[in-house]
Amino acid sequence: MKQLPQEYYDLMEEIQACDFVLVELTLYLDTHPYDHQAIQQYNQYAQYSMQLKQVFESKFGPLKQFGNSFSDHNWSWGKAPWPWQV
């Protein structure tokens, strides 16, 4: 397998950390649905997660499937290694 640039790994780690925060906030908000500060924090991380994924996809290709990521005109699925392959 070809060597990927360090930026690939850095962005992937940042996406995973951000999404972990979103999972934890989701669980918290399930039991504290009126915590407005947590809702605000959730929305900030959701927006940040989308931005990170857009940056990642613009540099390394699609990250999500089922219509959640756009493809270029060459159908780029399968060209880059899958996240679990690195």
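Quantities reported herein were computed from a predicted structural model and do not represent experimental measurements.
- Hydrophobic cluster of Tyr34: no remaining members, since no ILVMFWY side chain lies below 4.5 Å from it.
- Val21 and Val55 fall into different hydrophobic clusters, where Ile, Leu, Val, Met, Phe, Trp and Tyr residues are linked whenever their side-chain heavy atoms come under 4.5 Å apart, directly or through other members.
- Judged as a side chain to side chain contact (heavy atoms under 4.5 Å, CB included), and not counting sequence neighbours, the contacts of Glu7 are Leu11, Lys59, Phe60.
- With sequence neighbours excluded, the residues forming a side chain to side chain contact (heavy atoms under 4.5 Å, CB included) with Asp19 are Ile15, Leu22, Ser49, Lys53, listed by chain and number.
- When hydrophobic clusters are built by joining Ile, Leu, Val, Met, Phe, Trp and Tyr residues whose side-chain heavy atoms come closer than 4.5 Å, directly or via intermediates, Phe20 is not grouped with Leu63.
- Heavy-atom minimum distance, Ala38 versus Leu29: CB-CD2, 3.7 Å.
- The side chain to side chain donor-acceptor pair (under 3.5 Å) check on Gln6 picks up Asp10, with sequence neighbours excluded.
- Identified under the salt bridge (Lys or Arg N to Asp or Glu O under 4.0 Å) test for residues 21-48, with sequence neighbours left out: none.
- The heavy-atom pair separating Pro33 from Ile39 by the smallest distance is O-CD1, 3.5 Å.
- Applying the side chain to side chain contact (heavy atoms under 4.5 Å, CB included) rule to Gln47 yields the partners Gln51; only residues at least two apart in sequence or on another chain are considered.
- In this structure Tyr28 satisfies the ring pair (Phe, Tyr, Trp, His ring centres under 6.0 Å) test together with His32, sequence neighbours excluded.
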